[in-house]
Amino acid sequence: MPKVTIVGAGNVGATAAHIIASKNLADVVLIDVAEGLPQGKALDMMHMLSVEQFTVHVTGTNDYADTRDSDVVVITAGIARKPGMTREDLLGVNAGIMKSVIGAAMEASPNAVFICVTNPLDVMTTLAYRQSGLPAERLMGMGGVLDSSRLAFAVCEELGCAPASVTAWAVGAHGEGMVCWPRFTTVDGTPITELMDEAAVASVVQRCVKGGAEVVAFLKTGSAYYAPGASIAKMVEAILTDSHEVMSVCAHIDGQYGIDDLYMNVPVRLGRGGVEEVVEFDLDDEELAALRASADSVRAGLANLPE
């Protein structure tokens, strides 16, 4: 049975663990620095195995030795931005956490595929890459799957179509700098640019870009975790099943789209070894300029990355 370790037993990590277990994809190890938290959540999940009829095991631990020889390691550890905290403050705290986590997780599972979820995503994935020395294909970030799912939801809301009929593409930076590709976002193969007027297209794009903030505004404390957890599980499933599915992933770009040596969300093909290839769409000049501008916003964020 494959083994997946999820670092961080908060809402996002626990939700991902639940979905992975419910799909019988792998045994899951939840690890966290908080004593009792991963153990309690893992036990709670195991109590529902007869209800959901899964046969894998979910365990909780505070010891990386228990994560040894994982096939996939998902890093969700980190803090959310708090009132009065600048982005630089958040970056400093989470950078320290990422450096500690990636080293310990790699020592236990040197051959794993690593998925970073900690925010700010593009910067933290770059930090993990620089810190770990992992080959780029085995280190990626989760952001594009989530953003694309928010775009798909907005399209379904606008057109009243079935989710299975929608293929949506959100790429670039994970955050305000993201880029949506309406021309490649389709319903039963038809681009939404042929199904909506310009105002409606702009509206669904804005709904996608502001999707995370919209959730936070409702919750008032905390942030999204159901959709992020499901997005993690989708990536894990593609890797473990060697599906070769193409999806938007924060991956290392080196020359594709005229962008060099940068982690950012782009279409990639996922398989057992991680990122099999960066898939280049045939962009027009406006789409390409928007993607490169998004890349510049990632580079601006990297300028604040602690040494």
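- Rounding to the nearest 0.5 Å gives a distance of 11.0 Å between SG of C208 and CD of E214.
- When the shell of 6.0 Å around CG of D285 is examined, it contains 12 or fewer heavy atoms from other residues, nucleotides or ligands.
- Remark: D296 engages R299 in a salt bridge, criterion side-chain N to carboxylate O under 4.0 Å.
- A continuous path of Ile, Leu, Val, Met, Phe, Trp and Tyr side chains, each step under 4.5 Å between heavy atoms, connects V266 with V279, placing both in one hydrophobic cluster.
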Solution key, residues 121-135 side-chain donor-acceptor pairs under 3.5 Å, sequence neighbours excluded:
| residue | atom | partner | partner atom | Å |
| --- | --- | --- | --- | --- |
| D122 | OD2 | H174 | N | 3.1 |
| T125 | OG1 | L121 | O | 2.8 |
| T126 | OG1 | D122 | O | 2.8 |
| S132 | OG | A128 | O | 2.7 |
| S132 | OG | L134 | N | 3.1 |

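- Heavy-atom contacts from other residues, nucleotides or ligands closer than 6.0 Å to NZ of K234 number 12 or fewer.
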Expected list for residues 101-117: side-chain donor-acceptor pairs under 3.5 angstrom, two or more places apart:
| residue | atom | partner | partner atom | Å |
| --- | --- | --- | --- | --- |
| S109 | OG | T67 | O | 3.1 |
| S109 | OG | D69 | N | 3.3 |
| S109 | OG | S70 | N | 2.9 |

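- Inter-residue side-chain proximity for M235 and V145 is flagged as met; some heavy-atom pair is nearer than 4.5 Å.
- With rounding to the nearest 0.5 angstrom, the CE atom of M98 is 4.0 Å from the OG1 atom of T118.
- With sequence neighbours excluded, the residues forming a side chain to side chain donor-acceptor pair (under 3.5 Å) with N24 are T55, listed by chain and number.
- Atom-to-atom distance recorded for T76:OG1 and N119:CG is 11.0 Å, nearest 0.5 angstrom.
- Evaluation of the side chain to side chain donor-acceptor pair (under 3.5 Å) rule for D63 yields no partner, not counting sequence neighbours.
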Using distance only, find each side-chain donor-acceptor pair of residues 7-15 under 3.5 Å and give its atom names and separation, not counting sequence neighbours.
| residue | atom | partner | partner atom | Å |
| --- | --- | --- | --- | --- |
| T15 | OG1 | N11 | O | 2.7 |

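- Residues passing the side chain to side chain donor-acceptor pair (under 3.5 Å) test with R269, sequence neighbours excluded: E277.
- Just one of D71, D242, T241 meets the side chain to side chain donor-acceptor pair (under 3.5 Å) condition when paired with R272; it is D71.
- K210 and E176 are joined by a salt bridge, as a carboxylate oxygen and a charged side-chain nitrogen come within less than 4.0 angstrom of each other.
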Practice task
Before giving the answer on side chain to side chain contact (heavy atoms under 4.5 Å, CB included), spell out for R150 and L146 the whole-Å C-alpha distance, their side-chain angles and the decisive distance to 0.1 Å.
Solution key: CA-CA 6 Å; R150 287 172 171 159; L146 172 61; 3.7 Å; yes
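- E158 is linked by a salt bridge (charged side-chain N to carboxylate O under 4.0 Å, His left out) to nothing, counting only residues two or more places apart in sequence or in another chain.
- With sequence neighbours excluded, no residue forms a side chain to side chain donor-acceptor pair (under 3.5 Å) with D32.
- No donor-acceptor pair closer than 3.5 Å links the side chain of E157 to the backbone N or O of V155.
- Screening residues 193-247 for ring-ring contact (aromatic ring centres under 6.0 Å, His included) gives no qualifying pairs among residues at least two apart or on separate chains.
- In this structure, the separation between CG on L151 and CE on M178 is 9.5 Å, given to the nearest 0.5 Å.
- Taking hydrophobic clusters as Ile, Leu, Val, Met, Phe, Trp and Tyr residues chained together by side-chain heavy-atom distances below 4.5 Å, V268 shares a cluster with L288.
- No more than 12 heavy atoms of other residues, nucleotides or ligands lie within 6.0 Å of CG in D282, so this atom counts as exposed by the packing criterion.
- Around atom CD of Q53, more than 12 heavy atoms belonging to other residues, nucleotides or ligands sit under 6.0 Å away.
- Once rounded to the nearest 0.5 Å, the distance linking NE2 of H252 with CG of D260 reads 9.0 Å.
- Scanning for ring-ring contact (aromatic ring centres under 6.0 Å, His included) contacts around F281 gives W169, W181, F184, with sequence neighbours left out.
- A heavy-atom distance below 4.5 Å is found between the side chains of V29 and T61.
- Hydrophobic clustering of Ile, Leu, Val, Met, Phe, Trp and Tyr side chains at less than 4.5 Å, counting indirect connections, unites I79 with M142.
- A donor-acceptor pair under 3.5 Å links the side-chain atoms of N62 to the main chain of A34, judged by distance alone.
- Within the structure, ring-ring contact (aromatic ring centres under 6.0 Å, His included) contacts touching residues 29-76 (residues at least two apart or in different chains) do not occur.
- V249 and Y257 fall within a single hydrophobic cluster, where Ile, Leu, Val, Met, Phe, Trp and Tyr side chains are chained together by heavy-atom contacts under 4.5 Å.
- Placement of I239 and I19 in two distinct hydrophobic clusters is found when ILVMFWY residues are connected by side-chain heavy-atom separations under 4.5 Å, directly or transitively.
- Among residues at least two apart or in separate chains, there is no ring-ring contact (aromatic ring centres under 6.0 Å, His included) pair with a member in residues 3-40.
- Between atom CD1 of residue I75 and atom CD1 of residue I232 there is a gap of 11.0 Å, rounded to the nearest 0.5 Å.
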